[in-house]
Q: 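Starting off with a structure, shown below.
Just so it is clear: chains get the letters A, B, ... in the order the sequence lines come, proteins before strands, and each one is counted from 1. Everything quoted here is computed from the prediction, not taken from an experiment.
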Amino acid sequence: MTKLLYFSWVRERIGLASEERDIPAEITSVEQFLNWLSQQGDQYENALTDAASLRVALDQTHVTADAPLNGAREIAIFPPMTGG
Amino acid sequence: MTKLLYFSWVRERIGLASEERDIPAEITSVEQFLNWLSQQGDQYENALTDAASLRVALDQTHVTADAPLNGAREIAIFPPMTGG
Amino acid sequence: MSDHPVKISIQQEQFDIQAETEFLVKKSPNAGALVSFSGICRADDTLSALELEHYPGMAESQIQKIVDEALAKWPIQGALVIHRVGKIAVGETIVLVAVTSAHRHAAFDGANFIMDFLKSRAPFWKKEYLAEGGEGSWVDAKESDEDALSRWDQNADRTNS
Amino acid sequence: MSDHPVKISIQQEQFDIQAETEFLVKKSPNAGALVSFSGICRADDTLSALELEHYPGMAESQIQKIVDEALAKWPIQGALVIHRVGKIAVGETIVLVAVTSAHRHAAFDGANFIMDFLKSRAPFWKKEYLAEGGEGSWVDAKESDEDALSRWDQNADRTNS
């Protein structure tokens, strides 16, 4: 099981702050993962449709779309950060 | 009469914070003024001997050694400033 | 970097700049310079408040990483980052970054650098609340904030990863 | 520049950064950024205190001139300069410069600029008092402080005259 975390409007559109999911073994990159997750229901498709405006962290470290999942236990999806 | 003001170690060496003096009419530049003042006693000579380390303000505006006195009513002499 | 006083706090509560920076200065006895930056929820005709969301855990570790970069890059003595979360009204302070150093330019650069990276590399998101009532939209990231990172050369890449 | 809140104070008394900057922020409602610099009498094996002497009248007008330059050069909303005089013990703050702006980089640059010029263009002088008792010597101006002014290009000359 992998812990998925959603923030900001990704959280609002999916309607969840976090959930646990089994990610199929054939999903090995961040890009594949986003594609797979967007097929899990309308709210996921709606939240993840604009991939260019999404950011992903694996185990709390930012990664790019081509990064391997590498068995991450925590995957977070969110829009570009607006701190400070 | 011109008001002369001394600060920092210039004040300490001359032994005065301020005084009023008549400056001779033939003294027309800052350089001439410093030269003339350094001849007004040992303490003046001692304070003003190192002209390169002195700064002068005429009526509260910094000037260089070749500036004309231009009838300034207040002349201040001090070492380089160390504010902040 | 254990010899550098560093405080990182993510909190809802307001805070006092004097008290927070005084503490940092006391722990940096050789510092002649303190530079602090406060990010304020600025007045706007339509805005009543911001709500700040963050990613607990990652927010702290990202800020620590940014502070460590600054400590490696400049002769900084100590650093303080307080980032508020939750509802923040117009006029209130959202974030405080303070840096102590023997050298004033290092303190300015360090605080400036930390702020630049906080803007785009620390997991916080801002939602607007409207003066007329109700929620507004999420604040978009600014391209200028992303561009600001390139000012810091090779460090931009290192903190990015 | 009457629409910019500006406060300049030369005083013996200590002050509270929170109270002073809060006031500046209140008078700069559109400012999202506040940058403040504090110059601190730093600990040193031989030093117990500094005594700050100033040229009354010229000190205020020079600081005003430096602040006006900063207001002309950057989109700054307000500025605050508090410079203490008299005896200042180790650990105490000597000077506070604070600048508000809509833009954080303008606030950083403005505060940095004002400090650089205060160092070498405002008529203050520092004398050391020794930990073992008695007066030490006058603090010499640093070449690096003079050099710092050239960072600001043509403005160095204008404020110099």
Q: Can you name the residues of residues 34-53 of chain D that have some heavy atom under 4.5 Å away from a heavy atom in chain C?
A: D:L34, D:V35, D:S36, D:F37, D:S38, D:G39, D:I40, D:R42, D:A43

Q: Picking from D:A98, D:A102, D:G91, D:S144, which has the most non-hydrogen pairs under 4.5 angstrom with chain C?
A: D:A102

Q: Using non-hydrogen atoms only, which part of D:A107 is less than 4.5 Å away from chain C: side chain, backbone, both, or neither?
A: neither

Q: Within residues 13-31 of chain D, which residues come under 4.5 Å of chain C, heavy atom to heavy atom?
A: D:F15, D:D16, D:I17, D:Q18, D:T21, D:V25, D:P29, D:N30, D:A31

Q: Report the distance from atom CG of C:N112 to atom NE2 of D:H105, rounding to the nearest 0.5 Å.
A: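 Answer rounded to 0.5 Å: 5.0 Å.
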
